[in-house]
There are 2 protein chains.
Amino acid sequence: MNLSMTELETYIQSYFGVSPEDLAAIASQFKEKQCKKGDFLLKTGNHCDELSFIQSGLIRIYVNTQEKEVTQWISSKGYFVTDLSAFVFDNPARWNMQALTDMKLYTISKKDYRLLGKDIPKWHELEKLFIARCFAFLEERIFSHLSMSAEERYQLFFEQNKSLFNEVPLQYIASMLGMTPETFSRIRKKSIQS
Amino acid sequence: MNLSMTELETYIQSYFGVSPEDLAAIASQFKEKQCKKGDFLLKTGNHCDELSFIQSGLIRIYVNTQEKEVTQWISSKGYFVTDLSAFVFDNPARWNMQALTDMKLYTISKKDYRLLGKDIPKWHELEKLFIARCFAFLEERIFSHLSMSAEERYQLFFEQNKSLFNEVPLQYIASMLGMTPETFSRIRKKSIQS
DNA sequence: ATTTTTTCTTGATATAGATCAAGAGGACCA
DNA sequence: TGGTCCTCTTGATCTATATCAAGAAAAAAT
């Protein structure tokens with residue numbers, strides 16, 4: 001067992017609650033990978049052949065439409081990142097994934113990922129739970145758009161992700177919350193003053 | 001094999017591409033169930049112990065917040081319906097599910113559903129694919145809220161769900177698209193005139 | 001250090017969409 | 001057959017948020 005991978009293992013363990021043997025088998029398929037600020041881990045339209053765990057750094061998931069650039073999410077240390085639906089269904093990727101900082105990742109190829117399904121009996125169940133969590137997460141977001149104002153979405157996100165506000169261009173956070181940078185700036189000002 | 005369940009089987013088959021034996025095993029665990037207009041299949045805060053396939057009828061998924069009622073979705077013939085994250089994680093349900101019409105369902109209990117995982121080797125993989133599709137569906141919806149106006153969301157939804165507009169109170173569609181009934185009505189008027 | 005580029009703020013204005021209020025049309029009932 | 005309720009529409013107004021434009025501040029580059 002590679003000691004330097006403890007963090008990944010800890011995460012997988014806490015997330016999935018797998019046995020030590022399975023844990024080792026899973027973690028061993030992840031390879032360390034680094035990338036530089038500005039690098040693309042994925043571009044819209046390409047195959048999404050990797051799933052990565054973020055050891056350090058920040059990555060932005062976004063897409064360009066005719067009119068504007070839409071940031072879907074910013075993912076940080078301790079989270080997995082991929083274009084899930086492209087990864088699962090082999091569709092062309094919808095999202096760009098670009099490093100906002102230099103990064104350290106643990107990465108598994110789709111091929112190796114799928115082989116885990118053959119070696120580890122519980123694998124598909126773990127996968128299912130992982131995807132179900134992603135689903136629950138999106139459901140929360142949909143709800144926030146159906147029921148909350150821009151200001152309420154700002155407050156909620158701020159409470160849950162304070163640190164991100166010092167680490168990335170705020171315009172990206174504005175976009176992922178579904179508002180313009182100007183509106184974001186005004187809400188932020190009001191929020192700081194009070 | 002119960003002939004009256006062909007529709008469910010057809011659906012499972014097309015959705016999951018399972019073998020005839022597995023298909024029969026899966027379908028046999030679903031029980032026919034009827035319910036009347038206005039009945040609740042699930043209420044917010046309760047356990048979600050069932051997954052249902054809609055043979056006929058319409059069901060509304062919604063929740064009450066302090067200020068207002070938020071319709072998440074309206075589900076119709078040929079679709080599965082449950083509070084997915086409550087069903088998977090045994091959380092208290094977020095959503096109410098209420099029949100908008102008399103309905104015919106095929107229903108499986110959570111207990112039987114989970115037993116399928118023991119009997120059918122591919123089950124967890126099928127489950128995973130099902131949940132991943134639900135994820136992809138929500139991802140589309142998030143994207144529509146991040147990138148589109150109320151009018152654009154209306155148009156898109158109308159193209160994809162024309163028939164629903166004759167079948168349910170329009171205020172519910174308005175809510176699931178994230179706009180008021182008044183705005184919905186005005187957009188609709190404009191859309192019909194042109 | 002100075003320049004260049006990017007990001008953020010601020011003001012002025014415009015617009016999409018919400019809210020409030022009232023009425024019209026249907027459906028369901030008794 | 002006339003209510004009662006529910007749903008939808010319409011107008012008037014209001015408000016949240018977008019847009020446009022410019023400058024300030026911060027970060028990156030040279």
Side-chain angles (χ1 to χ4, degrees), chain A residues 36-39 57-58 60 62 64-71 74 98-102 144-158 161-162 164-194, chain B residues 36-39 58 60 62 64-71 74 98-102 144-158 161-194:
Chain A
K36 288 278 171 202
K37 177 173 178 173
D39 287 355
L58 293 160
R60 179 167 75 108
Y62 73 96
N64 286 101
T65 69
Q66 295 89 331
E67 304 124 37
K68 58 180 171 181
E69 192 181 271
V70 174
T71 295
I74 292 162
Q98 187 179 24
L100 291 174
T101 63
D102 293 354
S144 78
H145 279 273
L146 294 180
S147 66
M148 293 161 71
S149 67
E151 187 163 347
E152 290 168 322
R153 290 198 302 277
Y154 173 95
Q155 294 299 350
L156 180 62
F157 187 81
F158 180 69
N161 304 273
K162 281 198 172 67
L164 206 58
F165 285 64
N166 310 316
E167 296 170 341
V168 305
L170 299 177
Q171 54 185 309
Y172 298 153
I173 301 180
S175 175
M176 69 191 256
L177 293 176
M179 67 188 81
T180 60
E182 294 95 331
T183 294
F184 183 94
S185 173
R186 291 186 177 105
I187 290 174
R188 177 162 173 260
K189 184 182 180 187
K190 199 158 55 157
S191 161
I192 288 169
Q193 286 172 344
S194 62
Chain B
K36 288 280 173 201
K37 176 172 179 174
D39 287 355
L58 293 160
R60 179 167 77 109
Y62 74 97
N64 285 102
T65 70
Q66 294 89 331
E67 305 124 37
K68 57 180 170 179
E69 192 179 273
V70 174
T71 296
I74 292 162
Q98 187 179 26
L100 291 174
T101 63
D102 294 353
S144 77
H145 279 272
L146 295 180
S147 66
M148 293 161 70
S149 66
E151 186 163 348
E152 289 167 324
R153 291 199 302 278
Y154 173 96
Q155 294 298 350
L156 181 61
F157 187 80
F158 179 69
N161 305 272
K162 282 199 172 68
S163 61
L164 206 59
F165 285 63
N166 310 315
E167 294 170 343
V168 304
L170 298 178
Q171 53 183 311
Y172 298 152
I173 300 179
S175 175
M176 70 192 256
L177 293 175
M179 66 188 81
T180 60
E182 294 94 331
T183 295
F184 184 94
S185 173
R186 292 188 177 101
I187 290 173
R188 178 161 173 261
K189 184 182 180 188
K190 200 158 54 157
S191 161
I192 289 170
Q193 285 172 344
S194 61

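The model shown is predicted, which means the values in this text are computed figures rather than measured ones. Sequence lines set the chain letters: A, B, ... in the order given, protein chains first and strands last, and positions in each chain run from 1.
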Assuming nearest nucleotide by heavy-atom distance, tell me which of A/Pro169 and B/Glu151 is located more 5' along DNA chain C.
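Counting from the 5' end, the first nearest nucleotide belongs to A/Pro169.
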
Nearest to the side chain of A/Lys189, which nucleotide is it out of D/dT17, C/dT10, D/dT10?
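The closest nucleotide is C/dT10.
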
Which whole-number value in Å describes the distance from [X] [atom1] to [N] [atom2]?
X: A/Glu167; N: D/dA27; atom1: CD; atom2: C1'; value: 16 Å
X: A/Asn166; N: C/dT7; atom1: CG; atom2: P; value: 16 Å
X: A/Arg188; N: C/dT10; atom1: CZ; atom2: C1'; value: 14 Å
X: A/Phe165; N: C/dT9; atom1: CZ; atom2: P; value: 11 Å
X: A/Leu170; N: D/dA24; atom1: CG; atom2: C1'; value: 15 Å
X: A/Gln193; N: C/dT10; atom1: CD; atom2: C1'; value: 12 Å
X: B/Arg60; N: D/dC6; atom1: CZ; atom2: P; value: 13 Å
X: B/Tyr172; N: D/dT7; atom1: OH; atom2: C1'; value: 10 Å

Which residues, if any, of residues 178-186 of chain A bring a heavy atom under 4.0 Å of DNA chain D?
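The answer is A/Gly178, A/Met179, A/Thr180, A/Glu182, A/Thr183, A/Arg186.
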
Under the salt bridge (charged side-chain N to carboxylate O under 4.0 Å, His left out) rule, what do B/Lys36 and B/Asp102 come out as? Steps first, then yes or no, please.
CA-CA 4 Å; B/Lys36 288 280 173 201; B/Asp102 294 353; 3.7 Å; yes

Contact check, side chains of [X] and [Y], non-hydrogen atoms, under 4.5 Å:
X: A/Leu58; Y: A/Glu167; result: yes
X: A/Leu156; Y: A/Met148; result: yes
X: A/Tyr172; Y: A/Leu100; result: yes
X: A/Lys190; Y: A/Glu151; result: yes

Closest non-hydrogen atom pair, B/Thr71 against B/Tyr62:
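It is CA-CB, 3.7 Å.
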
May I have the step-by-step check of side chain to side chain contact (heavy atoms under 4.5 Å, CB included) for B/Met176 and B/Ile74, ending in yes or no?
CA-CA 8 Å; B/Met176 70 192 256; B/Ile74 292 162; 4.1 Å; yes

Please give the angle, rounded to 10 degrees, between the axes at the start and the end of the helix from C/dA1-D/dT30 to C/dA30-D/dT1, where five pairs define each axis.
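Result, rounded to 10 degrees: 40°.
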
If you pin A/Met148 and A/Lys37 to their nearest nucleotides in DNA chain D, which one's is more 5'?
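Final value for this comparison: A/Met148.
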
Is it true that the NZ or CZ of B/Lys162 lies under 6.0 Å from the centre of B/Phe165's six-membered ring and within 45 degrees of the ring axis?
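Judged by the rule, B/Lys162 and B/Phe165 form no cation-pi pair.
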
Students often get this wrong, so: under 4.0 angstrom with heavy atoms, is B/Lys68 touching a base, only sugar-phosphate, or nothing?
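Contact class for B/Lys68: none.
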
Verdict with reasoning, A/Glu69 to A/Ser175, per side chain to side chain contact (heavy atoms under 4.5 Å, CB included)
CA-CA 8 Å; A/Glu69 192 181 271; A/Ser175 175; over 6 Å; no

